[in-house]
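Bear in mind the structure is a predicted one, so any value in this text is a computation, not a measurement.
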Amino acid sequence: MDYERLIDEETWAFIRKTGECYPEDAVGLSIAEQRAVYNDMAREFLAPRPELVTSEDRLVAQVPVRIYTAGDPTRTVLFCHGGGFVVGDLNSHDDVCAEICAQTGYRVVAVDYRLAPEHQHPAMFEDAWTALGWVVATYGEGVVLMGDSAGANLCAALAHAVRADTEISTAILGQVLVYGAFGGDVNAGSYLEHAQAPMLTRDEILFYMDVRRPSGDIGSDPTYAPLQDTDFSGLPPTVLVSAECDPVRDDSRDYRDRILAAGGKAYWVNEPGLVHGYLRARHSVRRARDSFERISAAVEALGQGIWPYD
């Protein structure tokens with residue numbers, strides 16, 4: 001793959017800066033050390049919060065959440081962070097949540113779900129489910145699900161599972177899923193085409209898949225891998241945003257196609273020349289900044305019940 005041609009210099013600078021945050025022996029680090037390095041890296045890219053945004057940390061049935069507000073919001077974004085279900089927390093995506101809050105005017109509730117390997121599936125899903133139930137009970141209808149990477153997986157899993165609960169499902173207005181890994185075929189398409197992509201490799205994906213998988217055969221479980229579902233009807237309007245140079249790229253395309261085939265609304269944006277994790281580059285890379293604007297606009301539109309993609 002000719003990444004020198006596909007990826008522009010701004011994005012390469014972001015990739016190099018990210019790499020400089022990791023020690024040469026990063027592969028051999030313990031889980032605790034990986035988390036510490038990841039958090040240090042996140043702080044390197046942390047942007048100042050917009051002045052109007054305030055936040056409050058709460059504990060919801062033992063699940064930590066952070067609530068961002070600006071003014072008097074009428075909609076709520078439930079946000080699940082990325083990090084392969086192994087790293088990341090409320091601080092690693094704090095600026096992203098604050099900017100979504102500022103740009104949309106919506107309340108953002110970020111979920112600090114349990115991580116692997118200490119906790120395995122379905123612990124992460126259960127925490128996200130708990131947070132979603134609390135959001136609906138506390139703030140009522142008007143919820144947009146949003147997540148990046150592993151967080152996008154969790155949001156999609158919620159959207160599939162919540163169809164069995166009419167009270168909660170009617171409260172969800174849509175979902176915006178950014179470079180999500182939904183359990184696609186790791187032996188085909190982008191998983192092979194971009195197996196050695198900058199920022200995320202196929203081998204790393206296989207590690208993240210296995211580290212949260214409980215022992216034994218879990219079968220086809222949409223709360224683990226949403227693409228394993230056999231029913232894609234009744235899902236909320238869905239906007240999927242992927243990076244061109246990313247092994248999980250085709251998962252977004254395939255998830256869109258399944259929803260459309262079931263008669264639902266779904267739209268896929270594949271961002272040229274970008275890489276997994278590019279949300280951190282939104283203040284230094286023009287392509288990432290433009291994509292973040294599209295993401296914020298999608299969240300805002302879905303919150304207003306608008307579908308601008310026909």
Side-chain angles (χ1 to χ4, degrees), residues 18 22 26-35 37-38 80-89 92-93 111-129 145 147-161 175 177-230 232 240-243 245-258 275-279:
T18 303
Y22 286 85
V27 175
L29 294 178
S30 69
I31 294 296
E33 290 169 332
Q34 288 182 40
R35 289 174 183 155
V37 170
Y38 180 87
C80 294
H81 68 80
F85 303 101
V86 174
V87 299
D89 55 25
S92 64
H93 290 65
V111 185
D112 194 13
Y113 55 85
R114 287 171 288 175
L115 299 174
E118 298 94 331
H119 306 281
Q120 295 184 318
H121 176 76
M124 308 82 179
F125 171 78
E126 290 171 347
D127 288 352
W129 180 270
L145 304 175
D148 71 308
S149 194
N153 174 299
L154 282 177
C155 287
L158 289 174
H160 285 245
Q175 54 179 346
L177 310 176
V178 183
Y179 38 77
F182 305 120
D185 186 351
V186 298
N187 296 309
S190 59
Y191 282 96
L192 300 182
E193 181 183 355
H194 294 289
Q196 298 300 321
M199 300 293 288
L200 182 67
T201 68
R202 179 178 178 274
D203 285 345
E204 289 169 333
I205 294 167
L206 295 177
F207 166 78
Y208 290 133
M209 289 174 61
D210 287 341
V211 77
R212 73 174 179 120
R213 189 198 308 270
S215 59
D217 183 10
I218 63 173
S220 296
D221 182 356
T223 65
Y224 175 81
L227 278 172
Q228 292 181 352
D229 207 340
T230 58
F232 287 79
L240 300 121
V241 184
S242 62
C245 305
D246 187 347
V248 302
R249 179 198 65 200
D250 290 355
D251 279 17
S252 292
R253 179 202 63 193
D254 295 346
Y255 192 65
R256 176 207 59 182
D257 291 349
R258 303 281 180 86
V275 293
H276 199 87
Y278 71 77
L279 285 185

Do Asn187 and Arg202 pass the side chain to side chain contact (heavy atoms under 4.5 Å, CB included) test, and can you show the C-alpha distance, the side-chain angles, and the key distance before you say yes or no?
CA-CA 9 Å; Asn187 296 309; Arg202 179 178 178 274; 2.7 Å; yes

Residue pair Arg258, Asp229: steps toward the side chain to side chain contact (heavy atoms under 4.5 Å, CB included) verdict
CA-CA 10 Å; Arg258 303 281 180 86; Asp229 207 340; over 6 Å; no

Stepwise side chain to side chain contact (heavy atoms under 4.5 Å, CB included) check, Thr223 with Trp129:
CA-CA 10 Å; Thr223 65; Trp129 180 270; over 6 Å; no

Apply side chain to side chain contact (heavy atoms under 4.5 Å, CB included) to residues Ser242 and Arg253 and explain how you reach the verdict.
CA-CA 8 Å; Ser242 62; Arg253 179 202 63 193; over 6 Å; no

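Arg35 pairs in a side-chain contact (heavy atoms from CB on, under 4.5 Å) with only one of the listed residues (Asp89, Leu29, Val87), which is Val87.
In terms of modelled atom types and a separation under 3.5 Å, the side chain of Asn153 and the main chain of Gly180 share no donor-acceptor contact. Between the side chain of Gln175 and the backbone N or O of Leu145, no donor-acceptor pair lies under 3.5 Å. Not a single donor-acceptor pair under 3.5 Å links the side chain of Tyr224 to the backbone N or O of Phe125.
Atom OG of Ser220 is separated from atom CG of Leu227 by 11.5 Å, given to the nearest 0.5 angstrom. Atom CE of Met199 is separated from atom CD of Glu204 by 9.5 Å, given to the nearest 0.5 angstrom. From Glu126, atom CD reaches atom NE2 of His121 across 8.5 Å, with rounding to the nearest 0.5 Å. Here the CG-CZ distance, from Asp112 to Arg114, works out to 11.5 Å after rounding to the nearest 0.5 Å. For the atom pair OG (Ser149) and CG (Leu279), the distance works out to 10.0 Å, reported to the nearest 0.5 Å. The CZ atom of Phe85 sits 3.5 Å away from the CZ atom of Arg212 when rounded to the nearest 0.5 Å.
The heavy-atom pair separating Gly183 from Asp251 by the smallest distance is N-OD2, 3.3 Å. Pairing each heavy atom of Ala157 with each of Pro222, the nearest pair is CB-O, 3.8 Å. Heavy-atom minimum distance, Gly83 versus Tyr38: CA-OH, 4.4 Å. Across all their heavy atoms, Pro247 and Ala197 have their closest contact at CD-CB, 4.0 Å. Of all the heavy atoms in Phe182 and Leu240, the pair that sits closest is CE1-CD2, 3.7 Å. The two residues Ala156 and Pro226 have their closest heavy-atom pair at CB-CG, 3.7 Å.
With a 4.5 Å cut-off on side-chain heavy atoms, Phe232 and His160 count as touching. A heavy-atom distance below 4.5 Å is found between the side chains of Leu200 and Asp246. Side-chain contact check for Leu177 versus Ser252: every heavy-atom pair is 4.5 Å or farther apart. Under the 4.5 Å side-chain criterion, counting only non-hydrogen atoms from C-beta, Asp250 is not in contact with Tyr191.
Using cut-offs of 30° and 60° for the angle between ring planes, the Tyr179 and Tyr278 rings count as perpendicular.
Two rings, from Tyr113 and His81, have their centers less than 6.0 Å apart.
For the residue pair Asp127 / His119, no side-chain donor-acceptor distance below 3.5 Å is found, with atom types taken as modelled.
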